[in-house]
J.: 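For reference, the structure I am asking about is given below.
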Amino acid sequence: MTEIDLSRLTLADAAAQIKQGTLSPVELVKACLAHIEYLNPALNAFLTVTGDEAMEQARYAAEAIRRGEDWGVLHGIPVGIKDLIDVAGARTTAGSDFLRENVAQEDAFVVQQLRGAGAIILGKTHTHEFAIGATTVNPHYGPAHNPWNVDYSPGGSSGGSAAAVAASLCLGALGTDTGGSVREPAALCGLTGLRPSIGLLNTQGVIPMTPSLDTVGPMTHTTLDVALMMDALDPQSASGGSYLDHLSQPADGLRVGLPVDDFFWLESNLQVVAAVRGAVDRLADLGLPTVEIGLPMVEEIRGIAGVIALSEAAAFHKERLESEPERFGADVRERLESGMAQRAVDYIRALRQMAAWQWELRALFAEEIDVLAMPTVPVASHPIDGSTGSEAVRQLLRFTYPISLSGLPALSIPCGFSEGFPIGMQLVALSEKTLLRVAHAYQRATDWHARRPVL
């Protein structure tokens with residue numbers, strides 16, 4: 001396989017070719033490892049590469065195929081794992097100085113699920129320190145870089161996973177999403193990234209940021225690829241039909257809610273606004289009518305997100321923060337100190353407001369809409385220099401954090417470009433399968449997801 005072939009290969013393409021016998025897992029893993037060796041020095045997408053183990057797994061996968069065995073939907077597919085998620089025998093640093101030599105003794109639950117479906121682990125991808133940030137600008141391991149322009153951030157905290165998939169270093173990757181850490185980097189790197197419903201996927205073996213909001217989700221090029229990964233990750237996926245089966249169901253007739261609130265539009269890049277509104281119009285052309293709606297609580301919810309997220313993060317890191325604060329990066333230390341300063345009464349009030357927000361959104365879906373559409377991020381991208389300040393982070397997570405507090409699943413899909421950088425549209429629904437069905441209909445009618453950076 002050549003590098004040109006790899007740069008255009010989706011996870012679904014590779015899975016089909018492996019099953020047909022026209023592509024060997026050994027050949028595919030060799031190509032990915034060669035790509036990593038060539039591009040990772042410029043991208044810093046992988047912190048740890050487990051090349052020998054991956055090649056051994058690939059040989060086992062190839063032998064199994066020759067014996068007529070089928071390990072599952074990801075048989076022979078090479079993937080990356082965010083360095084917040086345990087992989088047995090590999091370091092889990094969480095992008096921190098504290099855990100440089102922390103070697104996991106067993107796989108996280110989600111890694112077990114991927115392996116059970118035949119996936120091959122290539123290594124651990126870069127993350128913002130302890131996932132407490134939106135840029136993957138890391139003082140301990142250097143910044144991750146956006147494949148569309150290496151002077152720009154891939155977003156975060158799952159920026160390494162996003163950069164790795166966008167640059168075809170692997171065919172899919174896992175990230176974690178608390179306030180937007182799958183969706184935001186997916187948008188900035190031109191990927192499809194899913195934040196599942198809170199509690200859908202077991203987070204055993206994942207270092208927490210904010211336990212009440214943390215999720216694990218896949219990042220790939222297409223909705224079809226996400227469906228394949230979710231069929232592997234979700235042990236209950238066959239109940240009511242697999243994720244893959246649901247993609248073939250028609251989406252026409254589903255109502256798309258478009259917020260009219262200034263919150264979503266006045267401070268967004270004009271090209272982002274045009275791209276997202278154009279994508280909603282395209283969905284209408286496909287038979288999904290647009291319903292204009294208001295979300296009056298969204299500004300208030302945005303304000304309480306930090307209270308919940310940083311209070312819980314500070315509680316988890318309290319001993320480290322008190323004993324060795326200098327070992328944290330400056331931006332992360334500032335956020336944790338802010339969390340330590342929160343009062344219990346404010347945290348409880350924030351939880352009550354979050355519950356009210358969840359009730360409001362569920363009522364909206366019950367009465368008026370089937371899917372909600374908005375920008376994922378108000379800007380297309382941002383330079384690495386000067387991107388870690390609190391105001392920059394608030395801007396990047398402006399539209400994702402309120403949805404995180406809803407508890408509902410959300411998906412970012414590519415819907416345009418601004419000055420050479422991808423633009424993402426965030427979709428929200430009551431179920432992952434509805435989200436994927438709508439997104440798949442959009443991707444069959446457009447080609448934004450098929451575009452790749454020139455490397």
J.: Restricting to non-hydrogen atoms, name the atom on Val29 and the atom on Pro78 that form the minimum distance, rounded to 0.1 Å.
T.: CG2-CB, 4.2 Å
J.: Can you check whether Asp151 reaches Pro383 side chain to side chain, under 4.5 Å on heavy atoms?
T.: no
J.: Evaluate side chain to side chain contact (heavy atoms under 4.5 Å, CB included) for Thr176 paired with Met209, printing each intermediate quantity in order.
T.: CA-CA 10 Å; Thr176 64; Met209 177 192 160; over 6 Å; no
J.: Please list, chain by chain and in numerical order, all residues satisfying side-chain contact (heavy atoms from CB on, under 4.5 Å) with Thr22, sequence neighbours excluded.
T.: Gln17, Gln20
J.: Please indicate whether Lys318 has more than 12 foreign heavy atoms, meaning atoms of other residues, nucleotides or ligands, lying under 6.0 Å from its NZ.
T.: no
J.: With sequence neighbours left out, what residues match Phe316 under ring-ring contact (aromatic ring centres under 6.0 Å, His included)?
T.: none
J.: Would you please name every residue forming a side-chain hydrogen bond (donor to acceptor under 3.5 Å, both in side chains) with Ser96, sequence neighbours left out?
T.: none
J.: With side chains defined as the heavy atoms from C-beta onward, is the minimum distance between Asp177 and Ser158 less than 4.5 Å?
T.: no
J.: Once side-chain contact (heavy atoms from CB on, under 4.5 Å) is applied, do any residues pair with Glu63, and if so which ones, sequence neighbours excluded?
T.: Tyr60, Arg66, Arg67
J.: Among residues at least two apart in sequence or on other chains, which ones pass side-chain contact (heavy atoms from CB on, under 4.5 Å) with Val280?
T.: Val256, Leu258, Thr290, Ala373, Met425
J.: Any Lys/Arg nitrogen of Arg327 or Glu324 sitting under 4.0 Å from an Asp/Glu carboxylate oxygen of the other?
T.: yes
J.: Check whether any side-chain heavy atom of Gln443 lies under 4.5 Å from a side-chain heavy atom of Leu224, and answer yes or no.
T.: no
J.: Does Asp447 have more than 12 heavy atoms from other residues, nucleotides or ligands lying within 6.0 Å of its CG?
T.: yes
J.: Taking the basic N atoms (NZ, or NE/NH1/NH2) and the acidic carboxylate oxygens, is any pair closer than 4.0 Å for Glu56 and Arg59?
T.: no
J.: Is it the case that the side chain of Lys124 and the backbone of Arg91 share a donor-acceptor pair, with hydrogens and angles ignored and the cut-off at 3.5 Å?
T.: yes
J.: Should the heavy atoms of other residues, nucleotides or ligands under 6.0 Å from CD of Glu319 be counted, would the total exceed 12?
T.: no
J.: Mind checking side-chain hydrogen bond (donor to acceptor under 3.5 Å, both in side chains) for Glu53 and listing every partner two or more places apart, or none if nothing turns up?
T.: none
J.: So is Arg394 actually on top of Tyr401's ring, under 6.0 Å and inside 45° of the axis?
T.: no
J.: Mark yes or no for whether Asn44, through its side chain, and Tyr141, through its backbone, hold a donor-acceptor pair below 3.5 Å.
T.: yes
J.: Does Thr400 offer a backbone N or O that forms a donor-acceptor pair with the side chain of Arg183 under 3.5 Å?
T.: yes
J.: With a 3.5 Å distance limit and no angle check, can you tell me whether Asp261 reaches the backbone of Leu295 through a side-chain donor-acceptor pair?
T.: yes
J.: Could you tell me whether Glu267 atom CD has more than 12 heavy atoms of other residues or ligands within 6.0 Å of it?
T.: no
J.: Below 30° counts as parallel, above 60° as perpendicular, anything between as tilted: where do the rings of Phe98 and Phe328 land?
T.: tilted
J.: List in chain and number order the residues that pass side-chain hydrogen bond (donor to acceptor under 3.5 Å, both in side chains) with Gln112, two or more places apart in sequence or in another chain; answer none if no residue qualifies.
T.: none
J.: Taking only residues two or more places apart in sequence or in another chain, which ones pass side-chain contact (heavy atoms from CB on, under 4.5 Å) with Asp245?
T.: Ser242
J.: I need the full list of ring pair (Phe, Tyr, Trp, His ring centres under 6.0 Å) pairs touching residues 147-178, with sequence neighbours left out, sorted by first then second residue.
T.: Trp148-Phe417, Tyr152-Phe421
J.: For Thr136, what residues pass the side-chain hydrogen bond (donor to acceptor under 3.5 Å, both in side chains) criterion, not counting sequence neighbours?
T.: none
J.: For residues 115-123, tabulate all N or O donor-acceptor pairs below 3.5 Å that involve a side-chain atom, not counting sequence neighbours.
T.:
{"residue": "Arg115", "atom": "NE", "partner": "Asp107", "partner atom": "OD2", "Å": "2.7"}
{"residue": "Arg115", "atom": "NH2", "partner": "Asp107", "partner atom": "OD1", "Å": "3.4"}

J.: Any ring pair (Phe, Tyr, Trp, His ring centres under 6.0 Å) involving residues 71-90? Give me the pairs, sequence neighbours left out, ordered by first then second residue.
T.: Trp71-His75
